[in-house]
Amino acid sequence: MSLTFRRGLTTMASLKKATKVVCIGRNYADHIAELNSAKPKQPFFFLKPPSSIILPGEGPVIRPRGVDMHYEVELALILGKRVRDHDASDLKGALDAIESYALSIDMTARNVQNEAKKKGLPWDIAKGFDTFLPMSKLIEKSRIQDPHNIELYLKVNDEVRQNDSTNLMLFQIPRILSDISKVMTLEAGDIVLTGTPKGVGPVVPGDVMRAGIRVDGKELEEAKIEIAVEESTRSYEYAET
């Protein structure tokens with residue numbers, strides 16, 4: 001399978017060369033409730049390393065030993081230009097800054113994250129393991145006319161776990177890009193994950209995750225993700241900090 005099928009600045013292969021992956025947390029009210037978290041007053045974001053990206057056909061998601069690993073399906077924005085100090089009221093400017101879209105699964109080591117929250121520690125380990133960001137093929141902008149009105153879904157072993165519209169986002173894309181770019185300049189090729197709806201939960205070795213996007217009820221073939229889960233054979237094993 002070619003990873004450079006696409007015209008434009010960004011190709012599948014170049015996704016891993018993004019300077020950063022910025023993730024919006026707590027952007028769907030029901031997801032906030034299911035994790036017993038506080039509703040943010042402004043967009044809240046964190047980073048995942050580009051090394052966590054796994055592209056279609058590259059292999060399974062690997063669960064580190066001792067980790068309670070959860071899925072979180074999200075719409076990803078692939079930026080086509082530098083964004084700095086974006087005006088939150090500028091919808092056209094925000095959409096113009098997006099070169100393409102992708103579907104992603106923000107894998108999370110939930111027990112590691114919960115410990116970090118409890119002790120006031122960073123979340124980096126919980127989000128940053130290798131293979132912790134499965135991504136779909138790139139989706140041309142013309143295929144998603146309104147990114148605030150598409151349906152995201154994720155299944156585990158053909159059982160639907162997540163299925164909601166992006167119209168439920170608490171903070172829409174212009175506000176997201178505004179708040180991020182006032183703190184850190186977004187570069188062409190950077191990836192922004194827009195948050196996950198309710199229904200997050202664990203997967204274990206032997207499970208298969210399938211995720212996708214529907215626009216006006218129709219499936220986008222290029223947005224489909226199908227990826228298995230396997231146990232790690234590496235030396236890392238989670239232990240309390």
Participant: In Å, rounded to the nearest 0.5 Å, how long is the span from OG of Ser136 to CD1 of Ile213?
Facilitator: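 So the gap between those two atoms works out to 6.0 Å.
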Participant: Looking at every heavy atom in both Lys48 and Ser52, which two are closest together, and how far apart are they?
Facilitator: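 Nearest heavy atoms, Lys48 then Ser52: CE-OG, 3.8 Å.
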Participant: Taking all atoms of both residues into account, what is the closest heavy-atom pair of Ala18 and Pro50, and its distance?
Facilitator: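 Residues Ala18 and Pro50, closest heavy atoms: O-CG, 3.1 Å.
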Participant: To the nearest 0.5 Å, how far apart are NZ in Lys16 and CG in Leu133?
Facilitator: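 Nearest 0.5 Å value for the NZ-CG distance: 10.0 Å.
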Participant: What are the two closest non-hydrogen atoms of Ala109 and Phe129, and how far apart are they?
Facilitator: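 So the minimum-distance heavy-atom pair works out to CB-CE1, 4.1 Å.
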Participant: Check the pair Arg63, Asp68 against side chain to side chain contact (heavy atoms under 4.5 Å, CB included), reporting the backbone distance first and the verdict last.
Facilitator: CA-CA 8 Å; Arg63 185 183 72 170; Asp68 178 21; over 6 Å; no
Participant: Do the side chains of Glu222 and Leu138 get nearer than 4.5 Å, heavy atoms only?
Facilitator: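 Side-chain contact under 4.5 Å: no.
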Participant: Please check if Leu121 and Leu47 belong to a single hydrophobic cluster, counting links between Ile, Leu, Val, Met, Phe, Trp and Tyr side chain heavy atoms closer than 4.5 Å.
Facilitator: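 No, Leu121 and Leu47 fall in different hydrophobic clusters.
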Participant: Just so I know, are the side chains of Met135 and Leu103 near enough to count as touching, which here means a heavy-atom distance under 4.5 Å?
Facilitator: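 A side-chain contact is absent here, since even the closest heavy-atom pair is not under 4.5 Å.
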Participant: CD1 of Ile54 to CD1 of Ile225: how many Å apart, nearest 0.5 Å?
Facilitator: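 Answer rounded to 0.5 Å: 10.5 Å.
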Participant: Under 4.5 Å between any side-chain heavy atoms of Asp207 and Met209, yes or no?
Facilitator: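 With C-beta onward as the side chain, the pair stays apart.
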Participant: When clusters are formed from ILVMFWY side-chain contacts under 4.5 Å, directly or step by step, what else is grouped with Phe46?
Facilitator: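 Phe46 clusters with Phe44, Trp123.
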Participant: Would you name the heavy atoms of Pro43 and Ile24 that are closest together and state the gap between them?
Facilitator: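 Heavy-atom minimum between the residues: CB-CD1, 4.5 Å.
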Participant: I need the Leu77 CG to Ile139 CD1 distance, nearest 0.5 Å.
Facilitator: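 With rounding to 0.5 Å, CG (Leu77) is 10.5 Å from CD1 (Ile139).
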Participant: Once rounded to the nearest 0.5 Å, what's the spacing between atom CG of Asn27 and atom CG of Leu170?
Facilitator: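 Nearest 0.5 Å value for the CG-CG distance: 5.5 Å.
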Participant: Could you check whether Arg214 pairs with Glu151 (Lys NZ or Arg NE/NH1/NH2 to Asp/Glu carboxylate O, under 4.0 Å)?
Facilitator: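 A salt bridge links Arg214 with Glu151.
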Participant: So, for Ser165 and Asn149, which heavy atoms are closest and what is the spacing to 0.1 Å?
Facilitator: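 Distance-wise, the nearest heavy atoms are OG-OD1, 3.9 Å.
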Participant: Is the shortest heavy-atom distance from the side chain of Leu193 to the side chain of Ser104 under 4.5 Å?
Facilitator: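 Sidechains of Ser104 and Leu193: in contact.
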Participant: I'd like to know if Lys141 pairs up with Glu99 as an ion pair, taking the criterion as any Lys NZ or Arg NE/NH1/NH2 lying under 4.0 Å from an Asp or Glu carboxylate oxygen.
Facilitator: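 No.
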Participant: Kindly indicate whether the side chain of Met184, heavy atoms from C-beta on, has any atom under 4.5 Å from the side chain of Phe45.
Facilitator: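 With C-beta onward as the side chain, the pair touches.
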Participant: Can you list the steps and then say if Leu220 with Ile144 is a side chain to side chain contact (heavy atoms under 4.5 Å, CB included)?
Facilitator: CA-CA 9 Å; Leu220 296 185; Ile144 296 180; 3.9 Å; yes
Participant: So does Lys224 pair up with Glu226, basic N to acidic O under 4.0 Å?
Facilitator: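 No, this pair does not count.
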Participant: If only atom types and distance count, is the side chain of Gln172 paired as donor or acceptor with the main-chain N or O of Met169 below 3.5 Å?
Facilitator: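 Checking the backbone N and O of Met169 against the side chain of Gln172, no donor-acceptor pair under 3.5 Å is found.
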Participant: Nearest 0.5 Å please: distance from the CG atom of Asp90 over to the OG atom of Ser178.
Facilitator: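 Nearest 0.5 Å value for the CG-OG distance: 9.5 Å.
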Participant: Any donor and acceptor pair, going by atom type alone, linking the side chain of Glu159 with main-chain N or O of Val156 inside 3.5 Å?
Facilitator: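 Looks like no, no N/O pair under 3.5 Å.
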Participant: When you look at NZ of Lys17, are more than 12 heavy atoms from neighbouring residues, nucleotides or ligands closer to it than 6.0 Å?
Facilitator: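 12 or below, so no.
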Participant: More than 12 non-hydrogen atoms from neighbouring residues, nucleotides or ligands closer than 6.0 Å to CD1 on Ile125, yes or no?
Facilitator: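 Counting neighbours around CD1 of Ile125, 12 or fewer heavy atoms of other residues, nucleotides or ligands fall under 6.0 Å, so no.
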Participant: I'd like to know if the side chain of Ser100 reaches the main chain of Glu140, judged simply by a donor and an acceptor atom lying under 3.5 Å from each other, with no hydrogens or angles considered.
Facilitator: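 Flag not set: sc Ser100 to bb Glu140 has no pair under 3.5 Å.
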Participant: Heavy atoms only: give me the nearest Ala116-Pro122 pair and the separation to one decimal.
Facilitator: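 Between these two residues, the closest heavy atoms are CB-O, 3.4 Å.
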Participant: In the single-linkage hydrophobic clustering (I, L, V, M, F, W, Y; side-chain heavy atoms under 4.5 Å), do Ile62 and Val229 co-cluster?
Facilitator: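 No, it is not one cluster - the side chains of Ile62 and Val229 are not joined through contacts under 4.5 Å.
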Participant: Quick one, Glu219 with Tyr153, criterion side chain to side chain donor-acceptor pair (under 3.5 Å). Give me CA distance, side-chain angles, the key distance, then yes/no.
Facilitator: CA-CA 10 Å; Glu219 189 96 12; Tyr153 74 84; 2.4 Å; yes
Participant: Does a salt bridge link Lys20 with Asp190, judged by any charged N lying under 4.0 Å from a carboxylate O?
Facilitator: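 Salt bridge flag = yes for Asp190 with Lys20.
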Participant: Looking at side-chain heavy atoms only, is the closest gap between His86 and Val83 below 4.5 Å?
Facilitator: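 Sidechains of Val83 and His86: in contact.
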Participant: Where the side chain of Asp146 meets the backbone of His148, is there a donor-acceptor pair that is under 3.5 Å apart?
Facilitator: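 Yes; at least one donor-acceptor contact below 3.5 Å.
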Participant: Charged N to carboxylate O below 4.0 Å: is that the case for Arg84 and Glu187?
Facilitator: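 No, this pair does not count.
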Participant: Could you check if a side-chain atom of Val208 sits within less than 4.5 angstrom of a side-chain atom of Ile227, using non-hydrogen atoms only?
Facilitator: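 No, too far: nothing below the 4.5 Å cut-off.
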Participant: So among Val21, Leu186, Ile98, which one has a side chain to side chain contact (heavy atoms under 4.5 Å, CB included) with Val192?
Facilitator: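 Exactly one pass, corresponding to Leu186.
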Participant: For residues 196-204, dump all side-chain donor-acceptor pairs below 3.5 Å to protein atoms at least two apart in sequence or in another chain.
Facilitator:
from, atom 1, to, atom 2, distance (Å)
Thr196, OG1, Val73, N, 3.2
Thr196, OG1, Val73, O, 2.9
Thr196, OG1, Gln162, NE2, 2.9
Lys198, NZ, Asp164, OD1, 3.3
Lys198, NZ, Asp164, OD2, 2.7

Participant: Could you check Glu72 against Lys127 for salt bridge (Lys or Arg N to Asp or Glu O under 4.0 Å), going step by step and ending with a plain yes or no?
Facilitator: CA-CA 11 Å; Glu72 300 182 7; Lys127 295 287 187 175; 3.6 Å; yes
Participant: Side chains of Leu154 and Leu152: does their closest heavy-atom pair fall under 4.5 Å?
Facilitator: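 Not touching, per the 4.5 Å side-chain cut-off.
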Participant: Using only atom types and a distance under 3.5 Å, with no angle test, would you say the side chain of Ser181 pairs donor to acceptor with the backbone of Leu177?
Facilitator: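 Such a contact is found between Ser181 side chain and Leu177 backbone.
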Participant: Run the side-chain donor-acceptor check on residues 233-241: report pairs under 3.5 Å with partners two or more places apart or on a different chain.
Facilitator:
from, atom 1, to, atom 2, distance (Å)
Arg234, NH1, Asp130, OD2, 3.0
Tyr238, OH, Glu115, OE1, 2.6
Glu240, OE2, Lys119, NZ, 2.8

Participant: Show the numbers, then the answer: is there a side chain to side chain contact (heavy atoms under 4.5 Å, CB included) between Tyr101 and Leu75?
Facilitator: CA-CA 7 Å; Tyr101 298 98; Leu75 176 67; 4.1 Å; yes
